[in-house]
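Working notes for the structure below.
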Amino acid sequence: MISALDGSEASYHALLMALVPLLRGFFKRHVRDHADAEDLVQETLTALHIRRSTYDRERGFSAWLFAIARHKMIDHYRKSRQTCSTDALDQILLSDGFEAQSNARMDVDRLLETLPSKQARAIRSTRIDGSSVAEAAESAEIGKSDVKVSVHRGLKALAARVLGTAR
Amino acid sequence: MNTDTLIRSLATNLTPVSRHAVGKRIFAGLTLGSLVTLGLVAGGLGLRADLPRALSGFPFWMKWFYTISMAAGAMVLVARLARPEPVRLRRFWPLALPVGIMAILVAIELAGTPTSRWLEIWLGKTWRTCPWTILGLSIPIFAGLLWAFRRLAPTRLRAAGAAAGLASGACAATLYCLHCPETSAAFLLTWYSLGLGLAATAGALVGERLLGW
């Protein structure tokens, strides 16, 4: 980027080409429509070109690049009138593990489906939603010890399934 | 358009960018706008008749200290908000230091003045028009900054608008000092600050619409 700022067309061309897959990955992860994602890649490249003087040579390049990409994305959401709070969006964009986290959540859901519903419910309320045993017992209308036993048996069954030693 | 074609067209006829391009661009915008405002002050309002004598007195330099230091601080903030990376605005608290210094001067001034004259020095002769004149004079400078921002990349549009408004208000107030005959610190702290506040608020209100990209 620095040699591009000094006027080297070859370095600039190489840099922009290298940025395309990065930006494509970034936008495809957050925008449903792939044509929109490609538009955003082009808009980001154009914006960074017009506003390239704002790159501070002493600072990191990727922070600058993704600040522009993020701005373009928020702008896109605003234009397409999708309701999405920008605060929440920032959170989503900042957490690189967002995709991994959502995959993990889906895995947990799938595993819990394999258990009897009483055990699944007990595990969900005490271990995922964070309720106490007493609250879980009250909402499921069963005894406290029943909840504890269900959680214990359910977790044991899940562990066995994950470790590949299902009975 | 194909992305590869776009990249090729962006990379041809590439003009080098200087290391201080952001600062130069902001300075150019401020200077252009300030020349227009200076014309308005000198041609429209008229310079104060006793300007040569005022230049050797304390009140004039107190006013310039206040407006110029506010302008300098606001420019630093504008330059930072012109870059896209996230900003911690709290680190810019020293911007309020001139206000604190002025408050001390006001306290000293009031302590040395009989209570019966407080209202008189506080309102001066021009308190009704002063803030609005500063707001009006800041418009050309704000326009100059808007031009500068076309090549810059603010991502916090409301904050960038407010900072640009404050900077243009403070520059306008600096030039307005060439006309304004008021001499008291209490007047300056109240009505000039109100003018700067109006300019900053106006900037924040239009920032989202005019600075978007």
Side-chain angles (χ1 to χ4, degrees), chain A residues 1-21 23-24 27 35 37-75 78-79 86 90 93-94, chain B residues 1-29 76-89 91 145-161 163-164 207-213:
Chain A
M1 182 67 195
I2 291 180
S3 86
L5 286 179
D6 290 334
S8 158
E9 289 182 10
S11 332
Y12 194 47
H13 188 263
L15 172 75
L16 294 185
M17 290 303 275
L19 293 184
V20 170
L23 291 172
R24 251 180 217 150
F27 286 123
E38 195 59 29
D39 283 351
L40 281 169
V41 170
Q42 297 196 359
E43 274 182 41
T44 305
L45 291 174
T46 314
L48 88 81
H49 175 75
I50 295 174
R51 296 158 205 275
R52 64 188 186 281
S53 67
T54 61
Y55 173 60
D56 184 338
R57 294 166 200 233
E58 265 84 61
R59 287 169 198 253
F61 177 72
S62 71
W64 178 75
L65 171 72
F66 282 109
I68 292 179
R70 202 174 296 140
H71 181 77
K72 279 290 165 196
M73 172 111 75
I74 292 169
D75 200 45
R78 195 162 37 208
K79 275 184 197 149
T86 47
D90 259 355
L93 301 184
L94 284 177
Chain B
M1 198 190 353
N2 184 311
T3 304
D4 290 353
T5 330
L6 173 75
I7 290 179
R8 214 163 302 126
S9 75
L10 292 181
T12 41
N13 296 326
L14 186 67
T15 44
V17 173
S18 116
R19 187 173 280 270
H20 306 292
V22 172
K24 279 183 191 163
R25 178 108 185 157
I26 293 173
F27 186 74
V76 172
L77 189 58
V78 168
R80 179 58 193 85
L81 285 167
R83 298 182 190 280
E85 293 100 333
V87 192
R88 273 216 203 113
L89 288 176
R91 290 173 56 189
L145 281 177
L146 282 183
W147 167 81
F149 266 114
R150 281 168 47 189
R151 294 270 164 167
L152 305 176
T155 47
R156 296 189 61 173
L157 301 180
R158 216 170 297 155
E208 206 132 351
R209 187 166 310 169
L210 296 181
L211 296 178
W213 46 283

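Chain naming here is simple, since letters A, B, ... match the order of the sequence lines and numbering starts at 1 in each.
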Residues which pass side-chain hydrogen bond (donor to acceptor under 3.5 Å, both in side chains) with E208(B), listed by chain and number, not counting sequence neighbours: R158(B)

Among [options], residue most engaged with chain B (heavy-atom pairs, under 4.5 Å):
options: V20(A), T46(A), L16(A); result: L16(A)
options: L15(A), V41(A), I68(A); result: I68(A)
options: E43(A), Q42(A), K72(A), M17(A); result: Q42(A)

If you count every heavy atom of other residues, nucleotides or ligands that lies below 6.0 Å from N2(B) atom CG, does the total exceed 12? yes

OG/S62(A) to CG/L19(A) distance, rounded to the nearest 0.5 angstrom? 10.5 Å

Can R52(A) and T15(B) be counted as having a side-chain donor-acceptor contact under 3.5 angstrom? yes

Checking heavy atoms, do the side chain of [X], its backbone, both or neither come under 4.5 Å from chain A?
X: S9(B); result: neither
X: A82(B); result: backbone
X: R80(B); result: side chain
X: L6(B); result: side chain
X: R19(B); result: both

Chain B contact via [X] - side chain, backbone, both or neither, heavy atoms under 4.5 Å:
X: H13(A); answer: both
X: S11(A); answer: neither
X: D56(A); answer: both

If we define contacts as heavy-atom pairs under 4.5 Å, which of N13(B), T155(B), L14(B) has the most with chain A? L14(B)

Residue list, ring-ring contact (aromatic ring centres under 6.0 Å, His included) with Y55(A), at least two apart or on another chain: F61(A), W64(A)

Check whether R151(B) reaches the backbone of R51(A) with its side chain - one donor and one acceptor, N or O, closer than 3.5 Å. no

In short, F149(B) meets A164(B) closest at the heavy-atom pair CE1-CB, 4.1 Å

For a quick test of reading the model, state the closest non-hydrogen atom pair linking T54(A) to L152(B) and the distance between them. CG2-CA, 3.6 Å

